[in-house]
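Working notes for the structure below.
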Amino acid sequence: LMAKWIKEHIPNWKQAVIVSPDAGGAKRATAIADLMGLEFALIHSEVNGADSDDEEDDSPESLRLVGNVDSKLCIIVDDIADTSKTIREAAAILKSNKAKEIYAIVTHGILSGDARERIES
């Protein structure tokens with residue numbers, strides 16, 4: 001169903017990269033990318049430990065993009081959006097890696113609290 005929706009509603013979808021916002025959704029996102037003949041990217045969360053080289057990142061987790069999104073249309077695919085924090089963080093990573101345009105598609109949109117505002121920001 002997601003592939004059909006993408007084809008019907010996203011212009012230039014043939015130039016898109018399907019993005020999983022976390023490792024848990026990688027199987028779903030790669031299945032859609034394979035079905036549509038598109039590239040795939042993953043946002044991977046790494047836990048920073050005492051041996052971390054990244055002195056600028058004090059957060060317990062650091063998000064890393066695996067894949068190329070430079071100047072590409074990106075479609076984030078996720079199963080649920082409750083607070084939308086994952087989608088917002090994924091979009092920020094994609095923007096910082098020079099994605100041209102970003103869409104997010106979720107199966108279940110709960111959208112608790114200020115989730116809509118997070119998505120729009």
Side-chain angles (χ1 to χ4, degrees):
L1 287 172
M2 282 189 169
K4 181 181 179 199
W5 192 94
I6 290 167
K7 289 177 181 179
E8 292 175 356
H9 294 93
I10 298 181
N12 301 318
W13 66 267
K14 291 182 181 179
Q15 287 80 42
V17 176
I18 302 295
V19 180
S20 177
D22 53 38
K27 185 176 180 180
R28 175 186 326 101
T30 55
I32 293 169
D34 288 347
L35 177 68
M36 299 179 73
L38 300 176
E39 293 180 45
F40 167 76
L42 167 71
I43 297 176
H44 174 66
S45 175
E46 294 179 349
V47 178
N48 289 332
D51 59 344
S52 175
D53 295 333
D54 193 358
E55 295 176 12
E56 294 179 16
D57 188 357
D58 295 331
S59 66
E61 292 187 310
S62 178
L63 299 176
R64 305 277 188 247
L65 176 67
V66 179
N68 179 20
V69 300
D70 189 358
S71 302
K72 296 186 181 182
L73 182 150
C74 295
I75 304 171
I76 301 168
V77 175
D78 208 355
D79 60 345
I80 191 165
D82 185 359
T83 65
S84 299
K85 181 181 174 196
T86 301
I87 291 173
R88 184 188 64 178
E89 289 176 349
I93 294 289
L94 296 173
K95 282 181 185 179
S96 71
N97 281 274
K98 302 178 183 169
K100 179 172 68 172
E101 195 171 358
I102 302 167
Y103 290 83
I105 300 173
V106 298
T107 306
H108 306 287
I110 308 295
L111 304 178
S112 298
D114 61 351
R116 282 187 168 180
E117 290 80 14
R118 283 190 182 139
I119 292 171
E120 293 172 355
S121 68

### Message
Is there a side chain to side chain contact (heavy atoms under 4.5 Å, CB included) between Ile6 and Ile18? Walk through the geometry before answering.
### Response
CA-CA 10 Å; Ile6 290 167; Ile18 302 295; 4.2 Å; yes
### Query
Going through the checks in order, is the side chain to side chain contact (heavy atoms under 4.5 Å, CB included) test met by Arg64 and Ile93?
CA-CA 8 Å; Arg64 305 277 188 247; Ile93 294 289; over 6 Å; no
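Checked against ring pair (Phe, Tyr, Trp, His ring centres under 6.0 Å), His9 has the following partners two or more places apart in sequence or in another chain: Trp5. With sequence neighbours excluded, no residue forms a side chain to side chain contact (heavy atoms under 4.5 Å, CB included) with Ser71. Legend: residues meeting side chain to side chain contact (heavy atoms under 4.5 Å, CB included) with Glu39, ordered by chain and number and at least two apart, are Val17, Lys72. Taking the side chain to side chain contact (heavy atoms under 4.5 Å, CB included) definition, one finds that Ala99 meets it with Val69, Cys74, Leu94, Ile102, sequence neighbours left out.
Residues Val106 make up the rest of the hydrophobic cluster containing Ile87, defined by ILVMFWY side-chain heavy atoms closer than 4.5 Å, directly or through other members.
For residues 10-31, every residue pair satisfying the salt bridge (charged side-chain N to carboxylate O under 4.0 Å, His left out) rule, not counting sequence neighbours, is listed here: Arg28-Asp79. The side chain to side chain donor-acceptor pair (under 3.5 Å) pairs that include a residue from residues 91-103 are Glu101-Tyr103, where partners are two or more places apart or lie in different chains. A salt bridge (charged side-chain N to carboxylate O under 4.0 Å, His left out) check over residues 102-112, counting only residues at least two apart or in different chains, returns nothing.
Residues Met2 and Ile75 have side chains not in contact (no heavy-atom distance under 4.5 Å, counting atoms from C-beta outward). The shortest side-chain heavy-atom distance between Trp13 and Leu38 falls under the 4.5 Å cut-off. Val19 places none of its side-chain heavy atoms less than 4.5 Å from the side chain of Val77. Between Leu73 and Ile10 the shortest side-chain heavy-atom distance falls below 4.5 Å.
Taking hydrophobic clusters as Ile, Leu, Val, Met, Phe, Trp and Tyr residues chained together by side-chain heavy-atom distances below 4.5 Å, Ile32 does not share a cluster with Phe40.
Distance check: Ser20 OG to Asp78 CG gives 7.0 Å after rounding to the nearest 0.5 Å.
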